[in-house]
Each structure stands twice: as structure tokens, then as C-alpha cells.
Amino acid sequence: MTSPIFRILRLFDEAGIRYMLNRYREDTIDVHATLVGERIELSIFEDGHVEMSRFVGNEDVLEGDLIYEVVAAYVQENAEWEKRVGEPNQEA
């Protein structure tokens with residue numbers, strides 16, 4: 001029996017989908033793939049189960065200076081989170 005990570009990577013390879021592998025936890029291998037109009041994140045756990053997040057959106061090109069607003073909003077959100085909870089927001 002082939003492990004889920006190899007089945008998924010083979011599926012992406014055969015479809016011509018490019019992906020990146022990452023490790024954020026000791027018990028998972030994460031696969032990130034970007035398709036036109038969506039991004040897929042898979043977490044393949046040591047026990048073989050797979051969790052998937054799918055982010056669908058448009059492909060609008062935005063002004064580069066918008067990154068400053070995005071980062072400022074993130075910093076503000078974390079500052080507010082720290083006031084409420086007392087530690088940085090790990091969910092973002």
C-alpha cells in the first residue's frame with residue numbers, strides 16, 4: 001500500500017501541478033500547490049490521514065504598496081489579540 005504523501009505527489013506530478021513541501025510540525029508533511037484562481041494546502045499526518053484547505057479567489061493584480069496596509073493591519077490585529085489574550089496570535 002502506497003502512503004498518502006506519495007499518492008498525492010504522484011497525482012500532482014501526473015497533472016503537471018507544481019508544489020512545495022514544508023514541515024511545520026513533527027507529525028506532518030505539508031504540500032502547498034497554486035493553481036489558477038486557487039491555492040491548496042494539504043497536511044499529511046504521520047498516521048496517514050490528510051487535511052486540506054482550499055483558498056479560492058480572483059487573480060486581480062493589486063498595487064505593490066498595498067503590502068504596507070496588509071502588514072499594518074496584521075500588526076494591529078496581533079496587538080489587539082495580545083491585549084485580550086496575553087500572547088501573539090498564532091492563528092494568522
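In this text, all values refer to a predicted model and were calculated from it rather than measured experimentally. For the single chain, residues carry numbers from 1 onward in sequence order.
- Scanning all heavy atoms of the two residues, the minimum distance from G48 to P4 falls at O-CG, 3.1 Å.
- Other residues, nucleotides and ligands contribute only 12 or fewer heavy atoms inside 6.0 Å of the CZ atom of F6.
- Side-chain contact between L42 and I5 is absent, with no heavy atoms from C-beta onward closer than 4.5 Å.
- L21 and V50 fall within the same hydrophobic cluster, defined by Ile, Leu, Val, Met, Phe, Trp and Tyr side-chain heavy atoms under 4.5 Å apart, directly or through other members.
- Cluster membership for L62 and V70, using ILVMFWY side-chain heavy atoms within less than 4.5 angstrom, is shared.
- Taking hydrophobic clusters as Ile, Leu, Val, Met, Phe, Trp and Tyr residues chained together by side-chain heavy-atom distances below 4.5 Å, I67 shares a cluster with V75.
- With sequence neighbours excluded, no residue forms a salt bridge (charged side-chain N to carboxylate O under 4.0 Å, His left out) with R23.
- For the side-chain contact (heavy atoms from CB on, under 4.5 Å) criterion with Y19, the lone passing option out of D13, T34, I8 is D13.
- Within the 4.5 Å cutoff, the side chain of T28 has no heavy atoms near those of the E51 side chain.
- Within the structure, every pair that satisfies the salt bridge (Lys or Arg N to Asp or Glu O under 4.0 Å) test and touches residues 26-39, not counting sequence neighbours, is listed here: R25-D27, E38-R54, R39-E41.
- Residues L9 and L35 fall within the same hydrophobic cluster, defined by Ile, Leu, Val, Met, Phe, Trp and Tyr side chains chained together at heavy-atom separations under 4.5 Å.
- Both I40 and I17 belong to a common hydrophobic cluster when Ile, Leu, Val, Met, Phe, Trp and Tyr are linked at side-chain heavy-atom distances under 4.5 angstrom.
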